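Written below as structure tokens is the structure these notes are about.
The structure displayed is predicted, hence computed values, not measured ones. Here is how names work: the chains are called A, B, and so on, in the same order as the sequence lines, proteins then strands, and each is numbered from 1.
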Amino acid sequence: MIADRFWELLSKKIFTEANEEESKEFEELLSSHPGWKNTAETLFILAHQSQPIEKNIEAEQAFEKHIERIKKINIEFNESYPSHNSEIAFEKASGREINTWRLPIGILAIILFVFFIFRNDIVPADKISKSQSPLSRVSTKPGSTSQIQLPDGSVVWLNASSNLTYDKNFGKTFREVNLTGEAFFNVTKDPSHPFIIHTKVIDVKVLGTEFNVKAYPNDAYTETSLIRGSVEVTVKNRPDEKHYLKPNEKVSVANNIINETASETARIPTKSKPLILIEPLTYYHVDSTIIETSWVENKLIFQENETFEEVALKMERRYGVNISFADEEVAQIRPFGSFTNETINQALDALRESFRFNYKKNGSNIIITK
Amino acid sequence: MRKPENIRLLQQAIACFDDTQAYKQLFLLFYPSLVSFAVSIIKSKELAEEIVSDVFIKIWEKRHQLDKVENLRYYLFTAVKNKCLNQLHDQKNKAGIDINNMAIEFKSLYHDPEQKLISDEMISQIRAAIQELPPRCRLIFKLVKEEGLKYKEVAELLQLSVKTIENQMSLAFKKIGMAINFKLHHLTNVFSKN
């Protein structure tokens with residue numbers, strides 16, 4: 001019967017089991033029986049409804065029982081791992097008093113050790129050289145970039161006005177670095193030593209991948225863009241919430257997520273944008289360059305998705321200049337264009353022709369006017 | 001969350017970072033459906049829970065190889081099935097899957113207020129239609145619809161032919177389709193009266 005065939009093809013179609021011929025047959029069937037279309041559409045919707053996310057208390061209890069069984073047969077299951085962030089560990093300890101006493105001394109030692117590393121970050125460099133784990137520090141000035149090879153062979157491209165530090169324990173258990181500013185990482189694969197990048201608002205944990213982390217204090221967002229492999233992004237004050245990225249995705253975390261008042265340092269406010277946003281990477285429509293990582297190839301690309309004010313921040317870093325706006329309207333223009341070898345004057349002249357504004361340049365200070 | 005890419009990422013987090021949070025997420029994701037699947041084979045909730053827990057213990061023990069498992073969803077169901085069959089064999093019961101008389105719940109059928117096309121009433125009508133399906137048909141439909149297994153995987157899991165899965169699926173769709181078709185028909189009548 002033709003109706004039976006319809007049901008068979010419909011179910012195949014919905015669960016992507018239909019081959020090309022069957023798909024064609026299904027289309028033909030639908031066009032000769034328009035009345036079936038409604039049913040087919042409704043079933044499509046129903047079949048692809050996703051489950052509402054609800055806490056399954058029964059499964060949660062079963063998991064606790066399951067962990068007891070694991071521990072009974074002496075299989076290592078370290079629940080505090082991989083939360084090696086000191087803040088996280090302390091938060092957990094105060095939250096569950098009983099667990100505090102059960103924490104093995106070794107874990108406490110790790111917590112203290114990590115805590116110590118964090119402290120290092122705020123101690124001036126000259127004092128660090130005297131401490132027991134001296135920091136290696138690589139910094140770039142505005143207008144210059146740098147390429148570094150880390151002890152494990154990983155390669156890091158450091159964008160302008162950025163700072164990367166790691167200590168002599170790099171690679172012992174974890175490969176940990178601290179970053180302010182922007183860097184592109186090509187991390188060599190080593191499953192037993194996870195590579196962790198600490199920034200002010202997020203920790204990024206990877207195994208062996210290529211990705212970009214942008215964590216300038218005066219930007220509104222800290223961005224992690226993944227080219228290849230996988231990364232795990234944890235927001236500092238939300239240890240239980242992990243974000244896993246797929247290649248060609250980026251996660252933007254608002255820099256004011258940690259402390260609402262801290263956003264005063266960001267020149268451009270976050271407005272009503274969400275605190276955490278996962279979205280695809282952006283491609284330059286002319287040659288499909290990935291915009292997020294284009295700085296590595298010395299390209300500066302704007303594509304109408306940013307205001308001139310945001311673009312100016314990138315230009316400041318790239319050319320080592322200060323840009324200010326004398327006109328709010330001009331600051332909100334959304335320019336587009338791509339620059340590689342152009343000087344700041346050439347770039348501004350080119351933009352001026354298309355977007356009609358004026359600028360005054362005095363040394364490294366640039367004022368943009370109407 | 002049950003999308004294959006997400007499961008893949010959980011796998012990587014467990015395999016590469018010994019991530020116990022990811023392990024917990026994986027457990028919570030599959031526990032209910034694996035237990036109900038195991039109950040359908042061994043008819044004991046207690047044993048079923050133990051078997052699923054055993055399978056997850058193995059997963060943790062061998063976590064560093066977890067990255068190599070191509071289709072974890074299918075792997076979990078197969079592992080649970082094999083453990084259940086071994087258990088039955090040990091009990092000197094006849095090994096085989098008897099999927100009659102089992103309660104199969106459908107979690108993913110609910111009324112999404114965003115979907116104006118589908119009403120609460122329609123959902124309950126569909127639920128009723130699913131409940132009336134023969135048990136085997138219901139299980140196959142659940143494994144495809146809710147667990148996202150392919151026809152071929154369900155066939156292997158239940159030791160049936162792919163043709164049988166195709167037939168059972170079209171039977172399920174026919175019954176559900178007739179339930180909502182009636183509803184749609186009913187709706188259009190109401191509108192034409194106005």
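The shortest side-chain heavy-atom distance between B:K24 and A:E60 falls under the 4.5 Å cut-off. Using a 4.5 Å heavy-atom threshold, the side chains of B:V52 and A:H66 count as separate. Taking 4.5 Å as the limit, every side-chain heavy atom of A:I70 sits out of range of all side-chain heavy atoms of B:E61.
Taking the charged nitrogens against the carboxylate oxygens, A:K205 and B:D19 have no contact shorter than 4.0 Å, which rules out a salt bridge. Of the charged side-chain nitrogens involved, at least one lies within less than 4.0 Å of a carboxylate oxygen, so that A:E8 and B:K163 count as a salt-bridged pair.
With values rounded to the nearest 0.5 angstrom, A:K72 atom NZ is found 10.5 Å from B:I57 atom CD1. One finds the NZ atom of A:K189 at 6.5 Å from the SG atom of B:C16 (value rounded to the nearest 0.5 Å). The OG atom of A:S11 sits 11.5 Å away from the CD1 atom of B:I140 when rounded to the nearest 0.5 Å. The line from CZ of B:R8 to OH of A:Y244 is 14.0 Å long, rounded to the nearest 0.5 Å.
Contacts between residues 165-174 of chain B and chain A, counted as heavy-atom pairs separated by less than 4.5 Å, involve B:E166, B:M169, B:S170, B:F173, B:K174.
In terms of heavy-atom pairs under 4.5 angstrom with chain B, the leader among A:L10, A:D4, A:L43 is A:L43.
Residue B:D67: no heavy atom, backbone or side chain, is found under 4.5 Å from chain A. Of the atoms belonging to A:V231, not a single heavy atom falls under 4.5 Å from chain B. Residue contact with chain B, scored on non-hydrogen atoms closer than 4.5 Å, involves the backbone of A:L245 exclusively. In this structure, chain A has a heavy atom under 4.5 Å from the side chain of B:F27, while its backbone stays farther away. In this structure, chain A has a heavy atom under 4.5 Å from the side chain of B:Y31, while its backbone stays farther away.
Within 6.0 Å of NZ on A:K12 lie more than 12 heavy atoms contributed by other residues, nucleotides or ligands. Residue-environment remark: CD (A:E76) stays at or below the threshold of 12 foreign heavy atoms within 6.0 Å. At most 12 heavy atoms of other shown residues, nucleotides or ligands fall within 6.0 angstrom of atom CD in A:E58.
Judged by distance alone, with hydrogens and angles left aside, the side-chain atoms of A:W7 form no donor-acceptor pair with the main-chain N or O of B:G177 at under 3.5 Å.
Listed by chain and number, the residues in a side-chain contact (heavy atoms from CB on, under 4.5 Å) with B:A79 are B:V55 (sequence neighbours excluded).
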> Does the pair A:F63 and B:F56 meet the rule for a ring pair (Phe, Tyr, Trp, His ring centres under 6.0 Å), with working shown?
Replying inline: CA-CA 10 Å; A:F63 185 72; B:F56 272 98; 8.5 Å; no

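Of all heavy-atom pairs spanning B:K150 and A:T16, the tightest one is NZ-OG1, 3.0 Å.
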